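Each remark here refers to the structure printed beneath this line.
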There are 2 protein chains.
Amino acid sequence: KAVTPSDVGKLNRLVVPKQHAEKHFPPTTAAATGSNGKGVLLNFEDGEGKVWRFRYSYWNSSQSYVLTKGWSRFVKETGLRAGDTVAFYRSAYGNDTEDQLFIDYKKMNKNDGAADAAVSDENETGHVAVKLFGVDIAGGMAGSSGG
Amino acid sequence: KAVTPSDVGKLNRLVVPKQHAEKHFPPTTAAATGSNGKGVLLNFEDGEGKVWRFRYSYWNSSQSYVLTKGWSRFVKETGLRAGDTVAFYRSAYGNDTEDQLFIDYKKMNKNDGAADAAVSDENETGHVAVKLFGVDIAGGMAGSSGG
DNA sequence: ATGGTGACCTGTGAA
DNA sequence: TTTCACAGGTCACCA
């Protein structure tokens with residue numbers, strides 16, 4: 001997904017496009033999450049092996065799937081800005097709860113004032129190691145072209 | 001405590017300074033409250049003999065002790081505003097659960113539009129009758145000078 | 001639908 | 001630098 005200003009702003013949440021959420025993300029129902037409707041905590045590994053934990057839940061009020069807790073930290077530490085892209089992948093070999101999850105991002109803007117992310121001469125990405133899995137579960141959520 | 005804008009605003013809660021909460025307030029643990037972590041209901045008597053009941057609990061997420069239910073009513077009826085002070089006292093003659101609790105407040109601002117509180121020529125307070133107990137368990141939480 | 005309440009979350013400043 | 005308190009928020013539930 002190409003992130004919106006709101007996705008990287010003060011709202012501290014990323015809206016996950018509904019169709020992708022319902023196709024590829026773990027369910028957020030009470031039955032699936034174990035009795036409450038508070039969503040689930042998901043661990044995503046980035047290309048550097050760093051694990052990002054986000055709360056993933058459904059907001060009835062806006063009929064939207066969102067990543068909330070943990071997201072603002074991701075934005076800050078990666079220096080993500082509006083127009084940049086994020087993509088999510090999963091290993092897809094077991095059932096949802098056992099799948100390994102991955103996150104990738106690509107910064108479209110140069111001269112970013114990212115917190116501490118390494119900035120290369122090229123457009124910066126969160127690495128594309130996950131592509132080695134050959135899965136494109138989240139296909140369409142973001143461009144998947146590597147560097 | 002000198003109350004903050006948030007303490008008297010729409011959040012309907014008072015943050016009890018942690019150090020004082022842990023020293024002088026009843027414990028909020030599951031063992032003490034009887035199995036749930038929903039906090040406890042405490043009755044505080046003011047200088048007029050009026051009893052104010054507040055829910056007192058611990059918020060894990062912010063690592064804070066708070067008074068929630070009942071607090072907004074107290075704010076409304078006393079006309080408490082940011083900068084005013086509230087103080088809590090307890091009789092301290094038995095164990096925590098048997099102690100009698102008191103609340104006192106002092107309004108630092110004149111010309112308040114309090115709901116129905118009597119306004120004197122002096123700074124208004126919630127009376128200082130509790131001082132007759134001679135205890136200052138909450139010493140340091142607020143000035144204890146009477147009017 | 002709406003407001004009150006409860007639990008959860010985060011940025012920021014200070015220790 | 002890291003931790004911590006907390007002021008200022010959010011959303012979900014329930015009556």
Side-chain angles (χ1 to χ4, degrees), chain A residues 6-16 18 21 27-43 52-80 113-116, chain B residues 1-25 28-30 33-42 52-77 80-86 88 115 138 140-142:
Chain A
S6 289
D7 288 333
V8 296
K10 303 163 192 170
L11 300 180
N12 299 322
R13 60 101 182 102
L14 172 82
V15 171
V16 180
K18 197 169 200 170
T28 58
T29 59
T33 59
S35 82
N36 61 17
K38 308 295 181 58
V40 291
L41 289 174
L42 300 178
N43 294 323
W52 301 90
R53 167 167 277 206
F54 305 121
R55 177 178 297 277
Y56 169 64
S57 55
Y58 182 69
W59 283 355
N60 289 294
S61 54
S62 53
Q63 308 281 296
S64 306
Y65 294 91
V66 290
L67 295 181
T68 56
K69 181 182 180 183
W71 177 251
S72 64
R73 174 173 303 192
F74 179 83
V75 170
K76 184 192 299 181
E77 296 192 11
T78 61
L80 203 68
D116 61 350
Chain B
K1 178 189 184 183
V3 300
T4 68
S6 288
D7 288 332
V8 296
K10 302 162 191 169
L11 300 181
N12 298 325
R13 61 100 181 104
L14 172 82
V15 172
V16 180
K18 193 171 207 173
Q19 182 177 354
H20 298 295
E22 296 183 342
K23 274 190 202 151
H24 310 297
F25 274 64
T28 58
T29 60
T33 61
S35 82
N36 61 16
K38 307 294 180 60
V40 290
L41 290 175
L42 300 178
W52 301 90
R53 168 168 277 209
F54 305 121
R55 176 178 296 275
Y56 170 65
S57 55
Y58 182 68
W59 284 354
N60 289 295
S61 55
S62 55
Q63 309 280 293
S64 306
Y65 294 90
V66 290
L67 294 181
T68 56
K69 181 179 181 184
W71 177 250
S72 62
R73 171 173 304 192
F74 179 83
V75 170
K76 185 191 300 177
E77 296 191 12
L80 204 68
R81 305 197 320 189
D84 298 342
T85 59
V86 285
F88 299 93
M141 290 187 73

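All chains are named by letter (A, B, ...) in the order of the sequence lines, taking the proteins before the strands, and each is independently numbered beginning at 1. All figures in this text were calculated on a predicted structure; none of them were measured in a lab.
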Nearest-Å distance, [atom1] ([X]) to [atom2] ([N])?
X       : N      : atom1 : atom2 : answer
B:Gln19 : C:dA14 : CD    : C1'   : 14 Å
B:Glu22 : D:dC6  : CD    : C1'   : 14 Å
B:Asn12 : C:dA7  : CG    : C1'   : 14 Å
B:Tyr58 : C:dG6  : OH    : P     : 18 Å
B:Leu41 : C:dT5  : CG    : C1'   : 12 Å
A:Arg73 : C:dC8  : CZ    : C1'   : 15 Å
A:Arg13 : D:dA12 : CZ    : P     : 13 Å
B:His20 : D:dA5  : NE2   : P     : 13 Å

Measure from the side-chain heavy atoms of [X] and tell me the nearest of [options].
X       : options              : answer
B:Thr68 : D:dA7, C:dC8, C:dG6  : C:dG6
B:Ser64 : D:dG8, C:dT10, D:dC6 : D:dC6
B:Ser72 : D:dC6, D:dG8, C:dT5  : C:dT5
B:Leu11 : D:dG8, C:dG11, C:dT5 : D:dG8
B:Pro17 : D:dC6, C:dG11, C:dC8 : D:dC6

Exercise. Evaluate whether atom CZ of A:Arg73 has more than 12 neighbouring non-hydrogen atoms of other residues, nucleotides or ligands under 6.0 angstrom away.
Key: no
Quiz item: Has B:Lys69 got more than 12 heavy atoms of other residues, nucleotides or ligands less than 6.0 Å from its NZ?
Solution: no
Does [N] have OP1 or OP2 under 4.0 Å away from a side-chain N or O of [X]?
X       : N      : value
B:Ser61 : C:dC9  : no
A:Trp59 : D:dA12 : yes
B:Arg55 : C:dG6  : yes
B:Lys69 : C:dT5  : no

Quiz item: Which atoms form the tightest heavy-atom contact between A:Trp71 and A:Asp7, and what is the distance?
Solution: NE1-O, 2.7 Å
Practice problem: Evaluate the criterion side-chain contact (heavy atoms from CB on, under 4.5 Å) for residue pair A:Phe54 and A:Phe74; output intermediate values, then yes/no. | Solution: CA-CA 9 Å; A:Phe54 305 121; A:Phe74 179 83; 3.7 Å; yes
Exercise. Using heavy atoms to find the nearest nucleotide of DNA chain C for B:Lys10 and B:Asn60 separately, return the residue whose nucleotide is more 5′.
Key: B:Lys10
Self-check item: Sugar-phosphate only, base, or nothing, as touched by B:Gly70 at under 4.0 Å among non-hydrogen atoms
Solution: nothing
Quiz item: Looking across every strand, which nucleic acid part, if any, lies under 4.0 Å from B:Thr4 by heavy atom: base, sugar-phosphate, or nothing?
Solution: sugar-phosphate
Quiz item: With ring centroids as reference points, do B:Phe25 and B:Tyr56 lie under 6.0 angstrom apart?
Solution: yes
